[in-house]
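Just the heavy atoms: all of them, side chains too, but no hydrogens, waters or symmetry mates, feed the values below.
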Amino acid sequence: MKSFILTVILFAVMHCAEAQLSFVQFIIVGLENEQQCRDIEAAIQSQSSIESVRVDSYSGNLLAFFTADGGYTESHFRQWLQALGYDFYCFKKGVSGQNPIVRLQRSDCMDELERK
């Protein structure tokens, strides 16, 4: 988990100076193994303007960076994940260098999770 966070921070610092990047975070429901994480990463990475995407198999946390011209919303990510048979909750969007990136916890979004 520490390496996941360090990788994310390093990526954000390196790319923030080059271009203004937006990011999204959410928790994926139903992940069972590392291969599922890699499949999700590959599917999202194939979209235009996506700079980087990582999924943590332990927590289900996804973090994706994209350039402003992507203009991606929660609906875009929901469509992509549903096409793969997954759902998510606790969606957060921000701008790299302006909004904090945190490790989302199930307890942060229990109300939303209970509605699913």
Side-chain angles (χ1 to χ4, degrees):
M1 188 60 189
K2 288 181 184 178
S3 63
F4 173 75
I5 293 172
L6 290 174
T7 300
V8 167
I9 291 170
L10 179 61
F11 177 84
V13 169
M14 288 173 31
H15 286 84
C16 195
E18 294 176 20
Q20 189 66 35
L21 295 176
S22 295
F23 67 88
V24 295
Q25 298 179 261
F26 51 81
I27 301 173
I28 301 170
V29 177
L31 289 178
E32 297 177 0
N33 59 57
E34 193 70 30
Q35 185 58 50
Q36 291 173 316
C37 296
R38 301 299 75 86
D39 293 344
I40 291 169
E41 289 172 353
I44 293 176
Q45 187 72 52
S46 71
Q47 306 299 319
S48 65
S49 302
I50 298 288
E51 293 289 321
S52 178
V53 61
R54 295 291 177 262
V55 179
D56 179 65
S57 61
Y58 176 74
S59 66
N61 275 260
L62 177 142
L63 176 63
F65 290 92
F66 55 94
T67 56
D69 60 331
Y72 296 124
T73 65
E74 180 175 355
S75 296
H76 291 102
F77 286 91
R78 191 161 305 281
Q79 180 182 16
W80 298 333
L81 269 284
Q82 287 177 342
L84 298 171
Y86 299 98
D87 197 5
F88 63 82
Y89 64 100
C90 211
F91 184 89
K92 309 283 186 217
K93 185 175 180 180
V95 176
S96 183
Q98 295 178 16
N99 304 107
I101 297 171
V102 298
R103 182 172 179 265
L104 299 174
Q105 304 285 329
R106 289 177 63 92
S107 58
D108 295 336
C109 305
M110 287 308 293
D111 290 343
E112 184 181 350
L113 183 59
E114 291 171 0
R115 290 190 301 261
K116 294 217 171 276

Could you tell me if the side chain of [Y] sits less than 4.5 Å from the side chain of [X], heavy atoms only?
{"X": "I44", "Y": "F77", "answer": "yes"}
{"X": "C109", "Y": "L104", "answer": "no"}
{"X": "Q47", "Y": "Y72", "answer": "yes"}
{"X": "D87", "Y": "R78", "answer": "yes"}
{"X": "F88", "Y": "E74", "answer": "yes"}
{"X": "Y86", "Y": "I40", "answer": "yes"}

In this structure, CZ of F65 is separated from CD1 of I50 (nearest 0.5 Å) by 11.0 Å

Rounded distance (nearest 0.5 Å) linking atom CG of L62 with atom NZ of K92
14.5 Å

Please name the pair of heavy atoms, one in [X] and one in [Y], separated by the smallest distance, quoted to 0.1 Å.
{"X": "Q45", "Y": "S52", "answer": "OE1-CA, 3.5 Å"}
{"X": "V55", "Y": "E41", "answer": "N-OE2, 2.8 Å"}
{"X": "P100", "Y": "F23", "answer": "O-CZ, 3.6 Å"}
{"X": "F26", "Y": "Y89", "answer": "CB-O, 3.5 Å"}
{"X": "C37", "Y": "L31", "answer": "SG-CD1, 3.8 Å"}
{"X": "R103", "Y": "S59", "answer": "NH2-CB, 3.3 Å"}

Show your reasoning for whether side chain to side chain contact (heavy atoms under 4.5 Å, CB included) applies to I101 and L63.
CA-CA 9 Å; I101 297 171; L63 176 63; 3.9 Å; yes

Do L84 and W80 belong to the same hydrophobic cluster, where Ile, Leu, Val, Met, Phe, Trp and Tyr are linked whenever their side-chain heavy atoms lie under 4.5 Å apart, directly or via other members?
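In one cluster: yes.
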
Is the backbone N or O of [Y] less than 3.5 Å from a side-chain atom of [X], with the two atoms forming a donor-acceptor pair by type?
{"X": "Q36", "Y": "N33", "answer": "yes"}
{"X": "Q25", "Y": "V102", "answer": "yes"}
{"X": "E51", "Y": "T67", "answer": "no"}

Should we count CD of Q35 as having more than 12 external heavy atoms under 6.0 Å?
yes

